[in-house]
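All remarks here apply to the structure that follows.
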Protein chains: 4
Amino acid sequence: MIQMIINPSDELPIYRQIMRQITEGIALGRLKSGEKLMSHRELSEQLVVAPLTIKKAYDELEALGFIETQRGRGTFVCERLPQLDRRDQLDRVRQAARQLLLQAHLAGLRFSEVVNLLKQAGRELTDSRAKEKEKV
Amino acid sequence: MIQMIINPSDELPIYRQIMRQITEGIALGRLKSGEKLMSHRELSEQLVVAPLTIKKAYDELEALGFIETQRGRGTFVCERLPQLDRRDQLDRVRQAARQLLLQAHLAGLRFSEVVNLLKQAGRELTDSRAKEKEKV
Amino acid sequence: MIQMIINPSDELPIYRQIMRQITEGIALGRLKSGEKLMSHRELSEQLVVAPLTIKKAYDELEALGFIETQRGRGTFVCERLPQLDRRDQLDRVRQAARQLLLQAHLAGLRFSEVVNLLKQAGRELTDSRAKEKEKV
Amino acid sequence: MIQMIINPSDELPIYRQIMRQITEGIALGRLKSGEKLMSHRELSEQLVVAPLTIKKAYDELEALGFIETQRGRGTFVCERLPQLDRRDQLDRVRQAARQLLLQAHLAGLRFSEVVNLLKQAGRELTDSRAKEKEKV
DNA sequence: GTGGTCTAGACCACC
DNA sequence: GTGGTCTAGACCACG
């Protein structure tokens with residue numbers, strides 16, 4: 001199970017923060033298919049939030065097809081993760097690219113600077129994934 | 001005045017959608033300093049939105065220093081626009097970069113492909129800005 | 001808005017009973033696309049259940065694409081209802097047909113009797129739909 | 001003894017899935033009166049289910065009068081099977097008929113098509129029952 | 001122990 | 001007024 005943190009003063013609701021961390025954990029391979037998640041009660045104690053709040057995050061993730069629950073046994077990352085449309089996926093990437101350029105433009109950065117920033121972010125990401133692997 | 005679109009079923013509140021489109025319009029140069037904005041009533045009719053909602057967007061924008069109202073004359077883009085905190089700006093860029101990489105990772109793209117996509121998005125953006133200028 | 005009833009001692013959870021009545025209402029044309037539903041608070045008073053229970057039903061229906069909410073305005077039947085796969089739809093029909101035959105077999109009915117029962121059920125259904133239309 | 005399948009992520013509890021398959025097996029004649037059932041342990045290994053879960057299913061079936069255990073000998077299908085209330089049986093048939101019509105309506109089928117589907121399902125059912133008999 | 005459901009309240013943001 | 005979120009409890013069924 002991955003380490004999670006929540007920030008109660010973030011404008012993103014708590015249950016969404018949890019959803020985001022879990023989906024990103026899955027996307028980045030930190031949560032394997034079939035892996036068991038903490039029970040919502042246990043996680044609620046660890047993060048000091050109400051159990052229902054965690055449950056809501058789990059419920060939405062289940063509706064989206066990322067995780068699945070088995071009564072009395074627990075909650076697990078799905079073996080077959082939901083596949084977005086290829087077109088959908090690329091749309092999201094393009095949307096994120098546009099967002100990046102907009103923010104960069106607002107900050108007055110040149111294109112080469114944006115690419116550098118992107119490279120750096122890439123390094124940070126692969127580093128943290130490497131760390132994960134070492135642990136294993 | 002720029003053309004705006006609102007989506008009532010978007011998660012982002014309507015008044016925020018309006019704020020975003022105006023600030024981005026300013027940042028991208030589609031709204032010039034000193035330019036007059038539509039009145040509450042006019043805009044509320046055009047967008048089919050309650051006038052109070054428009055007013056809230058304008059009020060917040062005025063509090064942030066992007067626009068100013070002159071009694072009896074209307075609402076105008078400020079001559080001296082507020083500068084965001086430099087650190088804040090860069091944080092937003094980094095956040096957007098991370099988001100782009102994550103989406104790209106989900107779509108299974110390699111880094112070089114991401115950069116290509118980014119270049120393409122850049123071209124589209126500058127193209128549409130050029131068109132805007134022609135109109136003027 | 002359709003009339004709903006809930007039976008607290010039914011083994012089907014309350015929020016599911018509500019979901020079922022709404023989806024059936026949509027399927028049978030008693031709830032039109034775009035129609036506004038009662039607010040979850042109002043409905044919770046009418047049915048004498050906790051507001052969150054109604055909200056849960058609405059939330060699940062929204063995740064399934066049957067209804068959509070607009071903050072501050074209310075909850076509405078979607079204009080474009082979710083289309084199941086054709087194959088999926090027919091599978092459900094076949095499954096229901098098998099279930100009917102099984103129950104009929106347990107009750108010792110002959111095939112012709114089953115068809116008669118089906119015809120009768122069909123009449124009841126169209127009758128109640130006709131009544132709805134008269135109201136309008 | 002009939003072949004059973006359980007699906008841990010089905011909404012229906014595992015012990016109920018077992019009960020359903022046994023009662024249907026009896027109703028359809030695949031399990032004869034007096035026939036011996038597998039022991040808890042054997043069945044729990046075959047289905048990869050906790051022995052207590054099987055025991056619960058057997059206990060409930062015994063309470064309902066479908067099966068009986070003879071100490072030291074095993075568990076057997078009762079010679080005199082319980083008869084459901086006649087009204088109850090017919091109610092179930094009507095309920096299944098309504099369900100079939102609803103699903104058919106959603107799939108846009110006409111009544112004659114429903115009857116055809118029903119006939120086909122009937123053929124499949126009798127075919128599979130014939131096969132069962134051949135095996136014996 | 002696990003998840004599933006439900007209650008009765010609360011506060012907030014939005015329209 | 002509306003929906004959105006959260007809490008702190010409770011009881012049940014399941015494995």
Side-chain angles (χ1 to χ4, degrees), chain A residues 6 8 10-18 36-45 47-60 62 67-76, chain B residues 6 8-18 44 48-57 60, chain C residues 6 8 10-18 36-45 48-60 62 67-76, chain D residues 6 8-18 44 47-57 60:
Chain A
I6 61 125
D10 192 330
E11 66 174 339
L12 199 65
I14 295 176
Y15 84 97
R16 290 274 213 169
Q17 294 182 40
I18 292 166
K36 188 174 182 298
L37 299 176
M38 288 172 81
S39 82
H40 66 266
R41 290 167 218 269
E42 199 179 346
L43 187 52
S44 82
E45 282 179 17
L47 300 180
V48 198
V49 285
L52 255 191
T53 303
I54 310 286
K55 180 129 196 331
K56 178 162 187 182
Y58 279 16
D59 281 351
E60 302 253 305
E62 181 159 26
I67 66 181
E68 110 187 292
T69 72
Q70 293 177 17
R71 266 185 325 272
R73 303 217 317 108
T75 308
F76 305 83
Chain B
I6 66 119
S9 31
D10 191 330
E11 276 198 302
L12 199 66
I14 294 175
Y15 83 97
R16 289 266 221 169
Q17 294 182 41
I18 294 169
S44 83
V48 196
V49 160
L52 266 181
T53 304
I54 309 283
K55 180 146 194 324
K56 177 156 187 180
E60 301 259 310
Chain C
I6 63 125
D10 192 330
E11 65 174 339
L12 200 65
I14 294 175
Y15 83 97
R16 289 274 213 171
Q17 294 182 40
I18 293 166
K36 188 171 182 300
L37 299 176
M38 288 173 81
S39 81
H40 66 266
R41 289 167 218 266
E42 198 179 346
L43 187 53
S44 83
E45 281 179 18
V48 196
V49 288
L52 254 192
T53 303
I54 309 286
K55 180 131 196 328
K56 179 163 185 179
Y58 280 15
D59 281 351
E60 303 253 305
E62 180 160 27
I67 65 181
E68 113 186 288
T69 71
Q70 292 176 17
R71 265 184 328 271
R73 303 218 318 108
T75 307
F76 304 83
Chain D
I6 64 119
S9 29
D10 192 330
E11 276 198 302
L12 199 67
I14 294 174
Y15 84 97
R16 289 265 220 170
Q17 293 182 41
I18 294 169
S44 82
L47 300 181
V48 196
V49 159
L52 266 181
T53 304
I54 309 286
K55 180 147 195 323
K56 177 157 187 181
E60 301 259 310

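Keep in mind that the numbers below use all heavy atoms, side chains included, and drop hydrogens, waters and symmetry copies. These figures come from a predicted structure and were not determined experimentally. A note on names: the letters A, B, ... follow the listed sequences, proteins ahead of strands, and every chain is numbered from 1.
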Distance, rounded to the nearest Å, where [X] contributes [atom1] and [N] contributes [atom2]:
X	N	atom1	atom2	answer
I6(C)	dT7(E)	CD1	C1'	13 Å
E11(A)	dT5(F)	CD	C1'	14 Å
K36(A)	dG3(E)	NZ	C1'	10 Å
D59(C)	dT5(E)	CG	C1'	15 Å
K55(A)	dC6(F)	NZ	P	15 Å
D10(D)	dC14(F)	CG	P	13 Å
E62(A)	dT5(E)	CD	P	10 Å
I54(A)	dT2(E)	CD1	P	13 Å

What residues, two or more places apart in sequence or in another chain, satisfy side chain to side chain donor-acceptor pair (under 3.5 Å) together with R16(B)? E11(A)

Residue-phosphate contact under 4.0 Å: H40(C) side-chain N/O, dT2(F) OP1/OP2: no

Can a side chain N or O of S39(C) be found less than 4.0 Å away from OP1 or OP2 on dT2(F)? yes

For dC14(F), give the paired nucleotide (Watson-Crick: N1-N3 plus N6-O4 or O6-N4; G-U: N1-O2 and O6-N3; both under 3.5 Å), or none.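 Pair assignment: dC14(F) / dG1(E).
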
Quick check: does any side chain N or O of E68(C) sit under 3.5 Å from a backbone N or O of S9(B), one acting as donor and the other as acceptor? no

Judged by each residue's nearest nucleotide on DNA chain F, which is more toward the 5′ side, E42(C) or L52(A)?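 Whichever sits nearer the 5' end wins; that is E42(C).
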
First encountered from the 5' end of DNA chain E, between V49(C) and Y58(A):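 So the residue in question is Y58(A).
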
From [X] [atom1] over to [Y] [atom2], what is the distance, rounded to the nearest 0.5 angstrom?
X	Y	atom1	atom2	value
T53(B)	I18(B)	OG1	CD1	7.0 Å
I14(D)	I6(D)	CD1	CD1	4.5 Å
T75(A)	H40(A)	OG1	NE2	8.0 Å
R41(C)	L52(C)	CZ	CG	9.5 Å

hbond_proxy R41(C) side chain to dG3(F) base (donor-acceptor, 3.5 Å cutoff): yes

L12(B), CG: over 12 other non-hydrogen atoms inside 6.0 angstrom: yes

Can you check nucleotides 13-15 of chain E for protein contacts, nitrogen or oxygen pairs under 3.5 Å, and list what you find?
{"residue": "dC14(E)", "atom": "OP1", "partner": "Y15(B)", "partner atom": "OH", "Å": "3.3"}
{"residue": "dC14(E)", "atom": "OP2", "partner": "Y15(B)", "partner atom": "OH", "Å": "3.1"}
{"residue": "dC14(E)", "atom": "OP2", "partner": "K56(B)", "partner atom": "NZ", "Å": "3.4"}
{"residue": "dC15(E)", "atom": "OP1", "partner": "I14(B)", "partner atom": "N", "Å": "3.1"}

